[in-house]
Structures are given as C-alpha cells and as structure tokens.
Amino acid sequence: MISNLVVQSLFYVVVLIALAKPLGSFMARVFEGERTFLHPVLGPIERLTYVVSGVDDKREMRWTEYAVAALVFNFIGFLAVYALQRFQGMLPLNPAELGAVSPDSSFNTATSFVTNTNWQGYGGESTLSYLTQMLALAVQNFVSAATGIAVLIALIRGFARRETATIGNFWVDLTRSTLYVLLPLSILLAVALVSQGVVQTFGPYAKVQTLESVDYEEAKNGPDGKPLADAQGKPVMEKKSTQEQVLPLGPAASQVAIKQLGTNGGGFFNVNSAHPFENATPFSNFLEMLAILVISGALCYTFGKMVGDTRQGWAILAAMTVVMVALLAVAVVAEQSGNPALAKAGADTQASALSSGGNMEGKEVRFGIVNSALWATVTTSASNGSVNAMHDSFTPLGGMVPMWLMQLGEVIFGGTGSGLYGMIMMVLVAVFVAGLMIGRTPEYLGKKIEAFEMKMASVAILLPPLVVLVGTAIAVLVEPGKAGIANPGAHGYSEILYAFSSAGNNNGSAFAGLSANTPFYNTALGFAMLISRYWLMIPVLAVAGSFAAKKTVPAGPGTLPTHTPLFVVLIIGTVVLIGALTFVPALALGPIVEHFQMLAAK
Amino acid sequence: MLQATLQSVRMLVVMTVILGVAYPLLVTGIGQALFADQANGSLIVEGGKVRGSALIGQPFSDPKHFWSRASATSPMPYNGGSSSGSNQGPTNPALKEAVEGRVKALREAGGDAAKPIPVDLVTASGSGLDPHLSPAAAEYQLARVAKARGMGEDSLRALVAKHTEGRQFGFLGEPRVNVLTLNMALDAARP
C-alpha cells in the first residue's frame, strides 16, 4: 500500500517535470514568433484571425495599451457569458429545456469564467444548456487562460528587452497561446478522455430502466407549485418509487480537456471530475491531473529560455515542486489516517490489498485515497479548482492543505500564466529582502529593482489576502453569510474561509456544502474574483513596462545569483512566510481546532 | 478605447467560432467515429432496453444483490440527473449517525457482526454515482448474497473476480468491483 502510494505520486511528478522542457521550449518558439511544426496547419488560421478581427500583428504596445486591451476584451467576454445565460431558454441546443439562469448566479458565473476562477455556483447538468456550456463557458475557458499566458509573456519581455517602451501585442499573444498551445493540447486530451469513457455527444439525456426500483420521499407541492407545509411548518413528504434513472450526457470531453489545461476547473456536471462521465478511469484521472499543471510547469522553462538563462526557470520550477510535494505528503497522510469517528462507528479504515481504507467519505473507489489527495493538492497548487473528491468531507488537515495552497496566492505552479507572474512578484520580494540582508543592490536578471517595482509587487502580493480575510470576516458576521453553512462548529467557518480563499485567489474549488448560490455569496465572491484577478494583472503589466524601459546591468561580483539552490530556498522561504504569517490565525480557528476536536471525540 | 472595444468584439466572435463551435464538433466527430460506445455513455442495452451505464452506479437493497455504496443525491439515491456528495464534514454528528445506520443495516441483512465493515461500503461517494466497490466491500457481502441465492460461496467468489478490475496498467488507481455488471451477471446466471 505504502509503495503504491509512492509509485503513483512519484510517477506523476516525474512525468510533469519531464514535459517542462519540450513543451516549454515549444512555447518559447511560439511567443518569439518562430515557425513550429504546427504552422503549416495553424498559420493560415492565425493570419485569418488577425484579418477578421482587424489586428495589426506587427504593432507593438506600451504596457498601458496592453492592459486596456486585456481588460476590455475580458469585459466584452463577461457581457457575452452573462447574456447567454439569461437568454438560454430561447436559444437552441437545450435538450433538457432549462430556463434562464438568475441574474446573481449569471453575474457570478460570468465573473468566475472570465477571471479564470471557474467557481461553480451552479449545477451543470441541472442549470446550463449545451449551448451555454459551449459558446459561453468553453470559449472563456480558453481565452481567460490565454489572457493569463499573454500577461506573463509581456512580463517576460520586460526582463528580456532593454530601453524600449513596448512589451508586445496583446492580440497576438492571446491568439498564439490559444491556437498553438491550448487548442492542440485540448484536442489530444479530449480524444484520449473519450477513449476512457468521458462522454462527448449532442444527443439527449439517456433514460435507464434500473435493475431494482427505489423508494424515496419527496416534498409535496401544492397546486400553486410551491412546497406544502403541515401545521408545524414542516414540508409535507410524499412517498414515491421509481425504476428510472436519467443519465445526463453532453459534449463533456471537449470541455473537460480545456477546463484542466487552462486551469479553469468549472465542471460540466455538478460534482465536477468526481462524476464518472467526466473522469471515468484512473488513467483519465492521471491525464486530467497532468493537464492541470503541465502548462504552468512548462512556462517556467519558457521563461528561462526567453530571458536567455534556462537555469532561472529551473530554479523557480524547483521551488514550486518542493512546496507541492511537501504539502502532498501532509494531505495523503491525513486522508489515509482517516477519521476516528468512522472507525468507532464500525468501519474498517485500515488500508489493505483489497481496500484503500482511510477517509472514503466523498471519495470514489476508482481513485481511492492517493489519487484523491494528489488531485486536491494539484488542483489547488494550480488555480484550477476542479475536484475528483469532495474537499468538504476531507479530514481537517487534509482539507487545510488545499486551503493553504490557495492562500499562498496561487504561485505554486498556479494558473496558466498567472501562477508564474504571481511567483515572479514573490521572487522580486525575495531578491529585495536578500539584497537588504547582505547590503547588495537588489537586481533580478540584470534589472534594478527600485521603489516602483516593489510597490507594485506588494500590491500584487497583499491584495488577495486582504480580499480573503475581509470577505471571510464579513460573511461570518452577517446573517446571509451564516445561512449558507452546511456543517456545524469549526467546520462551518472553514467552509466560508475556503470559499473566500478560493474566489480571492481565482482558484474555484469549494467546500461544496456551503450553499453559495445565493445573492449574497454570488455577489460577494464575484467581487472577490474581480478584484484579485485584475488588481493583480495591472501591477504586473506596470512592472513589465517599467523593466522594459530600464537598462540591463551585466552581472558583476556584487550580483546575487538567482539560480542556485540557496536562492530556491529563499524563494520557498518568502512564499511560505508570507502565507504563514497572513493565514495561521485564520487557519487556527478552522481546520486546526477541528483536527483536535476530531481526535478528542468520544 | 473604442478601437479596443471593436477589436474585442471581433476577436471574441472569431474565437467563439473556432473554440465554441469548431472545436467541440471536431472532438465529437473524432470521438463518435473512434469510440462511439464510450462517447455515448458506455450504455448497457439488454433486450432492446437501456439497463444502465457501465460507469454509473445504481441503488440496490435486495439481499440477493450486492449493494452499492451510499449515495447522497436527492431526492433518491443514485439520481443521475443531480450528482452530489454528502459534503458532511469529518466532525459532523450527522456523518457519524449516517455511518452507524449503514453499519446496522448491513449487519442486520446478514453481515458478520464481529467484523468492521470496509469503509467505502458505509460512506457516501463523491459523485453519488460511484459504480464500484472495493474488493473487500464485495467480500463482506459475499456470504449474504450466496445464502440468499442458494449459491456456493466459491462459485460466487469466482463471479465477483470476473467483475473485478485491478489497477490500470498495474499501478494507477485502486482495484475495484463493478456492482451493476456483477448484479446483472448474477441475475442472468440465477434469476
């Protein structure tokens, strides 16, 4: 059992790191405008895209123009997603005849997909038509991820260029990341997923005659369609029996592929990748987990390549990997140790050759403990947020790992593009702190770090924690915030903290017990997502513009090398310290208290 | 600003055509051509009727069938139209009560009262549609099913083994028993 745990985790990490160089150097070629093996097929489509949308691909932009283009494009996307949800009832490709989505839920979902958060306030199969899933959500899955990559590439150009006013062209970067990176990988992954059993069809939902009939109770509705209540105000229940099972289908594989590759995470079905039609086998599970981190990992290599020193990229990738593996170990051990309450109730939680044991509440047998804990770690390292097990039912420490990974600011791999640009802000702080300690001028990749860059980096790093903590504080104080809690005690508070950590760092995973599809949460979390996405993106682009305008200073004897193991430790220290200092008090009130309660329970 | 707005609209239209229309159609075309069965839900058809999907579990309460894991979907368990986990936290008293209730039901139905029950059998799955049991959870129910059907335990064990999958490629995921195909095979062998 132990050996299989190590084998599966190690295999994952090794494949992930091995792909960084080939994919990373391919992406560097794409963004430097060189020809690749995909150009014979995609080159004409790229040129056609520029012609139809009126883009002059030779034109360079200043950082302000770049930022305006990114923001306006995202805003137009927001309007489109909102409108498609509100009008889906009148539009085609709606075999389940689903009606318009409510205004607050539409706002939340539109924000969520445009900001690459993909918080899922809705249940896919019961809320959204095939058309909405395809035209609204799938499109944003691509372009919100491509926006993140574009901003990162602009920042990298800031380091690579000297004494220029411009940092590239947003439209070109957006088009290239979509066409050459996200689209081909998505097609490959989607077809592989279909082979494993992930559904891909435009046919209607399937009706099944089950082997046995099942008895159940359902709230009875009066003639006005509202639930009836008895004298005590309790709903009147009606006994029913059925031998029919409805199986929702749809074009899921194509959407699941980009949901993972673009670190989006919004599922086709309500339970996301725990649903057998979204994630059918252990191999589909492996491919989906790989897809979550592969681009973010490879972008580190792209970064090194484009700034002319691949060791810089490897150093950052090493720091990310170390933090992820350490936290993975915590999550796996916590989930495998299980919940003593289940053992006391008569369950066998010991692992054996015939059973994975551990805490199986909310987990699927085909994934067991290892793949559920690995997924939870991976999905919150990246700002993905898809789930293959219910994080709400994790043990307290097992649930704290994904929560804290989000609170670190989504810089451990992080979102496509956004993870690395967030991490580079952390690196600037690390260089600055090291410079203060040893009395050297802080510089990174030949660029002097001055007051302006430090201010921007501070804004980028401190804003998400502010959103998370203030948002949580408000929600636990007001009635509509508390009304959403599903579990009593410290765990209920954890649900709220988790929700704001997720939205405030553009992750999108949830302790799903929280009833968040209410006007209060849809609005509050919607604003949290907006603030942390764009108030991060703008300072990053400002830094890019400022660096591009600077001279590049050649490295001298007084320069702090930023590719050594020592510097890797320094990056890790910076990330972990900021994350720990900011969030330990909040975590102590939630998962840590609950951990001791669980152990002490009789 | 105005120019950026116009370009955004045009760019979004182009991207919608490529990513929202062409891409899913292409994947559907390839998927339906190469893997039609999987793409349409891995449905099991018997006598012209769809009896289930090999990937989606069903509820069982007859002692002659192997029982599936608990399901938290509403209003009925294994509601394919509304996938859901219980989302009960580890210290929630409702979780403990639910597990105790399932343990009691399994023991009363003829399970070994001295043995603890494999954890997957008494907990709710993440999707509420989990089609599988751990081999240990199937073994726990074996004596009950054998007795109810008047079958020898060894021949039943052999049938269970036929519906057990090992780790994929020998190391990925966990070993598992498909409850629906197992029960269908049981009904076919001994109606």
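Each chain gets a letter, A, B and so on, in the order the sequences are listed, and its residues count up from 1.
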Student: Counting only non-hydrogen atoms closer than 4.5 Å, does Lys240(A) touch chain B with its backbone (N, CA, C, O), its side chain (CB onward), both, or neither?
Tutor: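 Neither part, no heavy atoms under 4.5 Å.
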
Student: State whether a side-chain donor-acceptor pair under 3.5 Å links Gln200(A) with Thr28(B).
Tutor: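 Yes, a side-chain donor-acceptor pair sits under 3.5 Å.
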
Student: Less than 4.5 Å to any heavy atom of chain B: does that hold for the side chain of Val214(A), its backbone, both, or neither?
Tutor: side chain

Student: Report yes or no: does Gln245(A) contribute a side-chain atom to a donor-acceptor pair with the main-chain N or O of Gly57(B) at less than 3.5 Å?
Tutor: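 Flag set: sc Gln245(A) to bb Gly57(B) pair under 3.5 Å.
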
Student: Please state whether the side chain, the backbone, both or neither of Phe394(A) comes within less than 4.5 Å of a heavy atom of chain B.
Tutor: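 Contact with chain B: backbone only.
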
Student: Check for a donor-acceptor pair, side chain of Glu361(A) on one end and backbone N or O of Ala124(B) on the other, with a separation under 3.5 Å.
Tutor: yes

Student: Measuring heavy-atom distances to chain B, does Leu211(A) have an atom under 4.5 Å in its side chain, in its backbone, in both, or in neither?
Tutor: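 Both backbone and side chain of Leu211(A) come within 4.5 Å of chain B.
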
Student: Given a strict heavy-atom distance threshold of 4.5 Å, which part of Glu594(A) is in contact with chain B: side chain, backbone, both, or neither?
Tutor: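 Contact with chain B: backbone and side chain both.
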
Student: Under 4.5 Å heavy-atom distance to chain A, tell me which part of Gln32(B) shows up: side chain, backbone, both or neither.
Tutor: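 Contact with chain A is through the side chain of Gln32(B) alone.
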
Student: In terms of heavy-atom proximity below 4.5 Å to chain B, should Ser195(A) be classed as side chain, backbone, both, or neither?
Tutor: both

Student: Taking Gln58(B) for its side chain and Glu212(A) for its backbone only, find out whether a donor-acceptor pair lies under 3.5 Å.
Tutor: no

Student: Pick one: which of Lys363(A), Glu278(A), His275(A), Glu364(A) meets side chain to side chain donor-acceptor pair (under 3.5 Å) with Ser127(B)?
Tutor: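 By the side chain to side chain donor-acceptor pair (under 3.5 Å) criterion, Ser127(B) pairs with just one of Lys363(A), Glu278(A), His275(A), Glu364(A): Glu364(A).
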
Student: Tell me, for Ala80(A) versus chain B, whether the close heavy atoms (under 4.5 Å) come from the side chain, the backbone, both or neither.
Tutor: side chain

Student: Considering only heavy atoms, which portion of Ala206(A) lies under 4.5 Å from any heavy atom of chain B: side chain, backbone, both, or neither?
Tutor: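 The side chain, not the backbone.
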
Student: So which part of Ile18(B) gets closer than 4.5 Å to some heavy atom of chain A, the side chain, the backbone, both or neither?
Tutor: side chain

Student: For Glu244(A), is it the side chain, the backbone, both or neither that has a heavy atom under 4.5 Å from a heavy atom of chain B?
Tutor: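 Neither part.
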
Student: Do you know which two heavy atoms are closest between Gly346(A) and Arg107(B), and how far apart they sit?
Tutor: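 Between these two residues, the closest heavy atoms are O-NH2, 4.0 Å.
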
Student: How far apart are the closest heavy atoms of Arg51(B) and Thr210(A), and which atoms are they?
Tutor: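 Scanning both residues completely, I find the closest heavy atoms to be NH2-O, 3.2 Å.
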
Student: Please state whether the side chain, the backbone, both or neither of Leu179(A) comes within less than 4.5 Å of a heavy atom of chain B.
Tutor: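 For Leu179(A), side-chain heavy atoms alone lie under 4.5 Å from chain B.
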
Student: Nearest 0.5 angstrom please: Leu354(A) CG to Glu174(B) CD, how far?
Tutor: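 Output value for this atom pair is 11.5 Å.
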
Student: Quick check on Leu26(B) against chain A: is it the side chain, the backbone, both or neither that has a heavy atom closer than 4.5 Å?
Tutor: side chain

Student: So, does Asn487(A) use its side chain to make a donor-acceptor pair with the main chain of Asn92(B) at under 3.5 Å?
Tutor: no

